[in-house]
Amino acid sequence: MKYYIIAGEASGDLHGSNLMKALYKEDANAEIRFWGGDLMQNVGGTLVKHYKERSFMGFLEVIQNISKIFKDIAYCKSDITSFNPDALIFIDNSGFNLRIAKWAKEQNFQTSYYISPQVWASRANRVHAIKRDIDHMYVILPFVEDFYRKYDYKVDFVGHPLIDAIENRKNVDEAVFRKEHNLSNNPIIALLPGSRKQEINKMLAIMLSVTDEFAAYEFVIAGAPSQEFEFYKPFLKKKNINFISNKTYDLLNISHAAIVTSGTATLETALFKVPQVVCYKANAVSYQIARRIITLKYISLVNLIMDKEVVKELIQGDLNTKQLKKELNNILTSPKREEILKNYELLQQKLGGKGASEKTAHLIYKRLKK
């Protein structure tokens, strides 16, 4: 069979790579063409366009790059037509993918969506377009299955792919890792400021503003694979601040606590059982727009899945040095730390078992064979 996969951002690249591995197991003669990143490229197939070329954050950034986005959409449609896949598979990245899906359904391509657009968070009216344009939806969060049920749309809950990805990365030799990256023996506070330049610039300076208050800890910035070391260099000015690129899972494996930009990283941090403070800050215009369309009580996946505040969220004006210092203190030694760790265990149970990628690949292949 021929598969065309469209993923965006680092998380889409990760989940896309695992799905590709599973598809090759199901279909040894699979031919795969994709939009993604280095991880997907390492599995095989043909990379059409790297996500780094089309990574924009926030409403203003999208508007500023609208011409490029429309060119990418046109090119994508042309490339799909030339390849003529048996299955078109979308991974997250809703702004781009839902536009392609509408066109693809009109062209009679079979459409599958792995990791649902966040219609449960904002603009729920998009469900009607999804029902029209997506043949099969594979969701990774239990409450999303419940959400779609309200709209009479049957989806498959396959469990969360991060469980598999993280289980395979829990064997780091801490002593070797510290030596390899010139880390001290002090307990580590991991800083996960995101992957895009805009969000890193906004988040990292605030995260680092508390380092003087915690001299007994080593703060380690988790560098995104999409950014060069030179970009992070201006932030490395104090002796208890270090930097490690593209080793986030290994870093979390040995961390005592973390300060994390809202996104998939909050769930990754929880699955590594690292107490965290969640942060979010956008430019004022983007934030005001988001406030008016997002209907959720929480912004972090940890709190959303548990439907209560498990980890503290510092958003926009609340994200400042004073508040961050207070919340970081809370998770380092107090009863709050133990409470978070207990909730992390319940969180993992809610996410279902292992094998999300394998379940999804099996269902896609089985439905193609009918």
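Excluded from the calculations below are hydrogen atoms, water molecules and symmetry mates; all remaining heavy atoms, backbone and side chain alike, are included.
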Classify the angle between the aromatic ring planes of F243 and Y232 as parallel (below 30°), tilted (30 to 60°) or perpendicular (above 60°). tilted
Does H136 reach the side chain of Y114, with side-chain heavy atoms less than 4.5 Å apart? no
Should V158 and L271 be regarded as members of a common hydrophobic cluster, given that ILVMFWY residues are connected when their side-chain heavy atoms come within less than 4.5 Å of each other, either directly or indirectly? yes
Looking at E213 and K325, is there a salt bridge between them, counting it only when a charged N and a carboxylate O are closer than 4.0 Å? yes
Partners passing salt bridge (Lys or Arg N to Asp or Glu O under 4.0 Å) against D92 (at least two apart in sequence or in another chain): none
Going by the angle between their ring planes, with limits at 30° and 60°, are F177 and H181 parallel, tilted or perpendicular? tilted
Between the side chains of K105 and D135, is the shortest nitrogen-to-carboxylate-oxygen separation below 4.0 Å, so that they form an ion pair? yes
In terms of heavy-atom contacts, V310 and I340 come closest through O-CG1, 3.4 Å
Hey, are D72 and K68 close enough for a salt bridge, meaning a charged N less than 4.0 Å from a carboxylate O? yes
Option from V48, I5, L19 for which side-chain contact (heavy atoms from CB on, under 4.5 Å) with F34 holds: I5
For the residue pair W120 and F143, does the interplanar ring angle fall in the parallel (under 30°), tilted (30 to 60°) or perpendicular (over 60°) class? perpendicular
List the steps and the verdict of side-chain contact (heavy atoms from CB on, under 4.5 Å) for I259 and L192. CA-CA 6 Å; I259 305 174; L192 280 61; over 6 Å; no
Below 30° counts as parallel, above 60° as perpendicular, anything between as tilted: where do the rings of W103 and F109 land? tilted
Full working for salt bridge (charged side-chain N to carboxylate O under 4.0 Å, His left out) between D156 and R367: CA-CA 13 Å; D156 293 284; R367 284 164 174 163; 3.0 Å; yes
Side-chain heavy atoms nearer than 4.5 Å, only ILVMFWY residues, links allowed to pass through others: does that put L363 and V139 together? yes
Please enumerate all residues that pass salt bridge (Lys or Arg N to Asp or Glu O under 4.0 Å) together with E309, with sequence neighbours excluded. none
Compare all side-chain heavy atoms of E31 with those of F83 and state whether any distance is below 4.5 angstrom. yes
Using a 4.5 Å cut-off on heavy atoms from C-beta on, say whether the side chain of N330 contacts that of K312. no
Do I189 and H256 have side-chain heavy atoms sitting under 4.5 Å apart? no
Checking K359 against Y138: charged group under 6.0 Å from the ring centre and within 45 degrees of the axis? no
Should the pair K49-D79 be classified as a salt bridge under the 4.0 Å nitrogen-to-oxygen rule? no
Would you please test I221 and N242 for side-chain contact (heavy atoms from CB on, under 4.5 Å) and show each step? CA-CA 6 Å; I221 301 166; N242 214 316; over 6 Å; no
Kindly indicate whether the side chain of L351, heavy atoms from C-beta on, has any atom under 4.5 Å from the side chain of I163. yes
Same cluster or not: L251 versus Y217, using hydrophobic residues (I, L, V, M, F, W, Y) connected whenever any side-chain heavy atoms lie under 4.5 Å apart? no
Residues that K21 engages under salt bridge (Lys or Arg N to Asp or Glu O under 4.0 Å), provided they are two or more places apart: none
Heavy-atom side-chain proximity of F147 to S116 below 4.5 angstrom: no
State plainly whether the residues E338 and K342 are in salt-bridge range, i.e. N to O under 4.0 Å. no
Is there a path of hydrophobic side-chain contacts, each under 4.5 Å between heavy atoms of I, L, V, M, F, W or Y residues, that connects Y344 with L252? yes
Step through the shown structure and confirm whether more than 12 heavy atoms of other residues, nucleotides or ligands are within 6.0 Å of NZ on K131. yes
Is there a side-chain contact between W35 and D13 (heavy atoms, below 4.5 Å)? no
Decide side-chain contact (heavy atoms from CB on, under 4.5 Å) for S300 and Y280; before the verdict, give the C-alpha distance in whole Å, the side-chain angles of both, and the deciding distance to 0.1 Å. CA-CA 10 Å; S300 70; Y280 179 78; over 6 Å; no
Applying a strict under-4.5 Å side-chain criterion to I, L, V, M, F, W and Y, I'd like to know whether F219 and L183 cluster together. no
For residues F272 and I166, determine if any side-chain heavy atom of one lies less than 4.5 Å from a side-chain heavy atom of the other. yes
